[in-house]
Amino acid sequence: MSGINEYHNPINKTHSNKQRMQKAINDMSEQKVVDAVVVGAGFAGMYMVHKLTQLGLKVQAFEAGTGVGGTWYWNRYPGARVDIESMEYSYQFSEELQQEWNWTERYAPQAELLDYANHVADRFDLKGHFQFETKVVSAIYDEQARRWQVQTDDGVVTSAKYCIMATGCLSSMNTPDIAGLDLFKGDVYHTGSWPHEAVDFTGMKVGVIGTGSSAIQSIPVIAEQAEHLTVFQRTANYSVPAHNQALKPEFVENIKSNYKEFRAQNSQHAFAASFEPDDDLAVEATKETQRARYQERWDYGGLGFLTSFGDLISDQDANETAKAFIHGKIESIVDDPETAALLSPQQTVGCKRLCVDTGYYATFNRANVQLVDVSEHPVDQATKSSVVSHDVEYPLDALIFATGFDAMTGSLMKIGIQGKSGLTLEKKWAAGPRTFLGLSTSGFPNFFIISGPGSPSVLTNMMVSIEQHVNWIGDCIGYLQQHNLSAIEATLDAENDWVDEVNEVANETLFPTCNSWYLGANVPGKPRVFMPYLGFPPYVEKCDEVAKNGYEGFSLSN
Ligand code: NA7
């Protein structure tokens, strides 16, 4: 399976968590002692390291890749770019940083995002705190010592008072089982672990499995190169045009001269992004108003389509109006009516993350592109030169899995995490993740998750959510240090109440109505639980209140 990164490939998971933990306990030969361990060198891990070193703590951070960047380190597929506007997809903790960095496009491409990550890491001297090319295999809480014993795949155990997971929401790849894939002689890739060198598909027959965001971004680019492209679609997805363009200096200047206010305003929106919500209701609007509004948002481009009206994600009738508008667009763009019908999603708009594209639907007008419906009959077999669905063979030179991730919990579950009384996270979350504020889970003292399940994370501009979490965790650790406290742990009551709150909010929306990765429904056997919390402003208010009240909902010990 050339191309697929070994670490991220779930097929290569050889040891169970239990085995890994046992090995860790038996093997605590080499020990390193620090104040905090941080796992991951994405934007969350980088800022967490910065925050903790500012507090004067000794930090050891680990990263499986060879460099910083997280999502933007791994996802190098053709056409990869952020779907939040670049001017707000950046850190705000340093005014100098946000003034000096220059984005070139409305939606930054992967290479520029990676440059930004490296710039930040160098500017704040972060790289020296990371041990790269190192996987954390287990983290075990020693109740007597009140310390975490973190074992890495180099056999070293690092002892730390605090253990912070910055492992990312979309970093554990989901790869379907295809019988005989090892026989396939062509190249195999996953968009979530793309090679570092350029891949040239010229003259090749290429297959892409999946039609989520990664596929929708990469398909138009690959179609221009490949001799033939077959797209295997299980569920059609809604996509709105990006209208990506070079950033105009006046636009940049305008934001930079008011960055603070711009950020403050965005953080008042549910998704913590700049797209203005229109609070009037689609169900009360005339057909003309609906059409004009959707057209305006479509012409502007981007995720703001979802906030065209205040009731799109809460009222099915309202949502149907947006659905009809997008279906009309697909019909008008795609020449072949059968292909247009197949590309027209049936689920609620926004229920699966809305995609933002450049020329996606029009790509299906190309003579070298074929759409294959695998909703009834999966791609379940490979031969040495093809894949097979419903007994039909599709000859391929290269196969690309754009099949997404075991979102929000996948990376945590791969590490053998064990809290008090031998309780493993795997066991505790067997029926779905349970956290207090998505930051912490009862039974696991001094253990923090950045943008964990139960926090707004993937329903927001991730940069904003990451910074809010790191600031909160940094303040919390600062408080513990100042007050000579040895441990903080979420209470079970606070956690139960929070899980109820996350579910109640989700149940007031249309989000639970389809099989999305927000619900874990894309991964066979994963419990169906809506994981993110909807609503950035009330969430921040709750976090601030908890801290202000002396970490209400947590038990603190000395
Ligand atoms: P997504 O959005 O999870 O998309 C994965 C796609 O792969 C989606 O269309 C899936 O269909 C499809 N899929 C998954 N397994 C299969 C199998 N076995 N057969 C056929 N098709 C399959 O991941 P992305 O990487 O595109 O995007 C992730 C996020 O990154 C995105 O939301 C943005 O936030 C950025 P399904 O819909 O499950 O039927």
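As the structure lists them, so they are numbered: ligands from 1, and atoms in each ligand from 1.
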Could you check which of [options] puts a non-hydrogen atom nearest to [atom]?
atom: atom 24 (P) of ligand 1; options: Ser214, Ala407, Ser218, Gly212; value: Ser214
atom: atom 35 (C) of ligand 1; options: Ala521, Ser213, Ala215; value: Ser213
atom: atom 36 (P) of ligand 1; options: Val82, Leu459, Asn515, Thr235; value: Thr235

Which of the atoms of ligand 1 are close to [X], meaning less than 4.0 Å from one of its heavy atoms?
X: Pro176; result: 18 (N)
X: Gly210; result: 6 (C), 7 (O), 9 (O), 12 (C)
X: Phe405; result: 25 (O)
X: Ile209; result: 19 (N), 20 (C), 21 (N)
X: Trp517; result: 1 (P), 2 (O), 3 (O), 32 (O)
X: Lys352; result: 36 (P), 37 (O), 38 (O), 39 (O)

- [ ] Sort out for me which residue in Lys526, Lys414, Glu426 forms a side chain to side chain donor-acceptor pair (under 3.5 Å) with Thr409.
- [x] Lys526
Does any N or O of ligand 1 fall below 3.5 Å from an N or O anywhere on [X], backbone included?
X: Thr191; value: no
X: Asn237; value: no
X: Ala402; value: yes
X: Asp83; value: no

Parallel, tilted or perpendicular: which describes the rings of [X] and [Y], with under 30° parallel and over 60° perpendicular?
X: Phe275; Y: Phe271; value: tilted
X: Trp298; Y: Phe305; value: perpendicular
X: Phe43; Y: Tyr116; value: tilted
X: Tyr539; Y: Tyr533; value: tilted
X: Phe325; Y: Tyr294; value: tilted

So which protein heavy atom does [atom] come closest to, and at what separation?
atom: atom 30 (O) of ligand 1; answer: Leu170 CD1, 3.8 Å
atom: atom 23 (O) of ligand 1; answer: Gly404 CA, 3.2 Å
atom: atom 9 (O) of ligand 1; answer: Thr211 N, 2.9 Å
atom: atom 38 (O) of ligand 1; answer: Arg234 NH2, 2.9 Å

Task: SB check Asp373 Arg234 (cutoff 4.0 Å) - done: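 No, this pair does not count.
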- [ ] Quickly, which of Ile313, Val240, Leu306, Leu312 forms a side-chain contact (heavy atoms from CB on, under 4.5 Å) with Val349? Name it, please.
- [x] Leu306
- [ ] Might you point out which heavy atoms bring Phe530 and Val502 nearest each other, and give the distance in Å?
- [x]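 Phe530 and Val502 have their closest heavy atoms at O-CG1, 4.0 Å.
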- [ ] Give the minimum heavy-atom separation between Gly67 and Tyr73, together with the two atoms involved.
- [x] N-CE1, 3.5 Å
Open item on the list: Determine whether a donor-acceptor pair (N or O, by modelled atom type, separation under 3.5 Å) exists between the side chain of Glu393 and the backbone of Ser386.
Closed with: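 Not confirmed, Glu393 side chain does not pair with Ser386 backbone.
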Task: Donor-acceptor contact below 3.5 Å, side chain Lys352 vs main chain Trp517 - done: no
TODO: Report the part of Val379 in contact with ligand 1, treating N, CA, C, O as backbone and CB onward as side chain, heavy atoms under 4.0 Å; options are side chain, backbone, both, neither.
DONE: neither
Open item on the list: Once you restrict to heavy atoms under 4.0 Å, what part of Pro378 touches ligand 1? Side chain, backbone, both or neither.
Closed with: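 Pro378 to ligand 1: no contact under 4.0 Å from either part.
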